[in-house]
Amino acid sequence: MRTSTEPGLVPYVTLREGEEGAPDTLRIIREWPNNRPRLRYVYEEPDDRDVRGVLWARCSQNRRDTDNMPTGKPRWRLMHPARQRETMQGLFCQVCVRPARTPLGFVFLAGPDDHRADEASVITAQPPLCRKHIVPAARLCPYLDGRPVVYLAQSAPLYGVHGTLYGYGADGVQVVARPEAPLPYGDSNLPTFLASQLARRLGSFRLVDLDELTREIALAS
C-alpha cells in the first residue's frame, strides 16, 4: 500500500530495494507413510513454514533503523512476504506493526474494484490498520483511487495463502501455476505450494464511511 505523499510514512510491509528472493533451492520429496509429494528447501529453517505447515518464499531483509523499521527505497505495491505474514498472522497494523484492533474491531481497506458490494464474505491479503493509520493510508494510497472501501470486521479468521504451485517437469522442479485466488488451508495442492501472502476471511463485517468510522472510534475510546 503506497502512502508516499506523506513524508516518512512507508508501511512496514512494503518491499524495499535491495530485498530479493533467495536462490532457488527447492525440491519435491515423497513423504512416508502416504508417499505424497511435498515441496521443501534443501535446508529448511523453522520459519520457512507457517502455522499450518505451508512452505513460504524466502526473501532477504534490509537492516532496520533506530525505530526497528526496514530501510531502503520503497518498492510500492509490493509486500515483503515475511512482513506481510507477520502482520496478518498477528493482526498487526501494516504501517507501524502495533496491534491493529480498534475499540470497534479490525479495519481493513480495499480498492474500489477489489470486491463486489454484495459479497457476504470477503477474502483479503491486505493486513489491517491501527486507528492512527486508517486515515493516512486511506487518503494517500493511489491504489485506492481516493475511493477506499473500508471494512470494519469483528472477526477475520485465517483463510489460506497466495503463491505459486510447483511440480515436476522436464527440468525438474518447476512452476506449474500461479493461481489468482488464494488456496484455502486444507486444499490438496498445498503440499507443493510456495506461499507469498497470507489471506484472511472477513466473515463478520460491515462497510463503513471513513469519516463516520473515525468519529465512531473516537466516541468509543
Side-chain angles (χ1 to χ4, degrees), residues 1-16 50-51 64-70 74-162 182 197-221:
M1 179 172 291
R2 183 177 182 178
T3 56
S4 61
T5 53
E6 180 172 317
L9 182 59
V10 180
Y12 172 77
V13 297
T14 302
L15 191 69
R16 307 299 185 102
D50 64 20
V51 293
R64 303 293 180 92
D65 62 17
T66 54
D67 294 320
N68 199 36
M69 297 295 284
R75 297 171 65 182
W76 302 114
R77 293 182 181 270
L78 299 178
M79 290 190 285
H80 190 285
R83 297 197 292 269
Q84 190 273 351
R85 172 180 158 193
E86 175 188 357
T87 51
M88 279 295 262
Q89 178 69 49
L91 287 171
F92 300 131
C93 175
Q94 64 168 277
V95 175
C96 66
V97 213
R98 293 186 176 91
R101 181 181 285 277
T102 75
L104 300 179
F106 294 101
V107 177
F108 295 84
L109 300 183
D113 301 317
D114 286 350
H115 306 284
R116 299 193 316 271
D118 61 348
E119 285 186 83
S121 181
V122 170
I123 298 170
T124 181
Q126 282 289 338
L129 291 149
C130 70
R131 57 180 300 175
K132 176 182 177 181
H133 291 111
I134 295 168
V135 173
R139 290 181 174 168
L140 299 175
C141 177
Y143 170 71
L144 301 179
D145 194 29
R147 299 177 292 141
V149 178
V150 185
Y151 295 97
L152 178 60
Q154 300 306 311
S155 67
L158 293 176
Y159 174 81
V161 285
H162 287 276
Q197 291 185 6
L198 184 62
R200 286 183 175 271
R201 177 179 56 82
L202 311 186
S204 177
F205 68 89
R206 61 186 174 99
L207 292 171
V208 293
D209 174 78
L210 183 61
D211 292 332
E212 175 189 349
L213 176 63
T214 55
R215 288 193 299 269
E216 288 186 17
I217 291 176
L219 289 172
S221 301

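- Residues meeting the salt bridge (Lys or Arg N to Asp or Glu O under 4.0 Å) test with Asp65, sequence neighbours left out: none.
- Closest heavy-atom contact between Ala220 and Pro103: CB-CB, 3.8 Å.
- Annotation for Leu9 and Trp76: closest pair O-CH2, 4.3 Å, computed over non-hydrogen atoms.
- Taking CZ from Arg75 and CZ from Arg16, the interatomic distance works out to 12.0 Å, rounded to the nearest 0.5 Å.
- Contact check for Tyr12 versus Cys96: no side-chain heavy atoms found under the 4.5 Å cut-off.
- The side-chain heavy atoms of Ile217 and Ile134, taken from C-beta on, include a pair separated by under 4.5 Å.
- Note on residues 201-221: pairs passing ring-ring contact (aromatic ring centres under 6.0 Å, His included), not counting sequence neighbours, are Tyr151-Phe205.
- Rounding to the nearest 0.5 Å gives a distance of 5.5 Å between CG of Leu152 and CG of Leu104.
- The side-chain hydrogen bond (donor to acceptor under 3.5 Å, both in side chains) check on Asp67 picks up nothing, with sequence neighbours excluded.
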| query | So Val13 and Glu86, side-chain contact (heavy atoms from CB on, under 4.5 Å) or not? Walk me through it. | reply | CA-CA 9 Å; Val13 297; Glu86 175 188 357; over 6 Å; no

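- Note: Leu15 CG to Gln84 CD = 12.0 Å, rounded to the nearest 0.5 Å.
- Note: Phe106 CZ to Arg200 CZ = 7.5 Å, rounded to the nearest 0.5 Å.
- Here the closest non-hydrogen pair linking Ala125 and Met79 is O-CE, 3.7 Å.
- Judged as a side-chain hydrogen bond (donor to acceptor under 3.5 Å, both in side chains), and not counting sequence neighbours, Arg85 has no contacts.
- Considering only residues two or more places apart in sequence or on other chains, Gln197 meets the side-chain hydrogen bond (donor to acceptor under 3.5 Å, both in side chains) condition with none of them.
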| task | Step by step, work out the side-chain contact (heavy atoms from CB on, under 4.5 Å) result for Arg101 and Leu91. | result | CA-CA 8 Å; Arg101 181 181 285 277; Leu91 287 171; over 6 Å; no

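- Atom CE of Met88 is separated from atom CZ of Arg83 by 16.0 Å, given to the nearest 0.5 angstrom.
- Under the 4.5 Å side-chain criterion, counting only non-hydrogen atoms from C-beta, Leu213 is not in contact with Thr102.
- Taking every heavy atom of both residues into account, Met69 and Val10 meet most closely at CE-O, 4.2 Å.
- Proximity of Pro182 to Val161: side-chain heavy atoms (C-beta onward) are nowhere separated by under 4.5 Å.
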| said: Could you go through Val51 and Leu158, starting from their C-alpha distance and side-chain angles, then the distance that decides it, and tell me whether this counts as side-chain contact (heavy atoms from CB on, under 4.5 Å)? | reply: CA-CA 10 Å; Val51 293; Leu158 293 176; 4.2 Å; yes

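- Between atom CD of residue Gln94 and atom NE2 of residue His133 there is a gap of 10.0 Å, rounded to the nearest 0.5 Å.
- Legend: residues meeting salt bridge (Lys or Arg N to Asp or Glu O under 4.0 Å) with Glu216, ordered by chain and number and at least two apart, are Arg206.
- Looking at Leu109 and Val150, their side chains come closer than 4.5 Å, going by heavy atoms from C-beta outward.
- In this structure, Leu210 and Ala138 approach most closely via the heavy-atom pair CD2-CB, 3.7 Å.
- Nearest approach of Tyr159 to Arg201, heavy atoms of both residues: CB-N, 3.9 Å.
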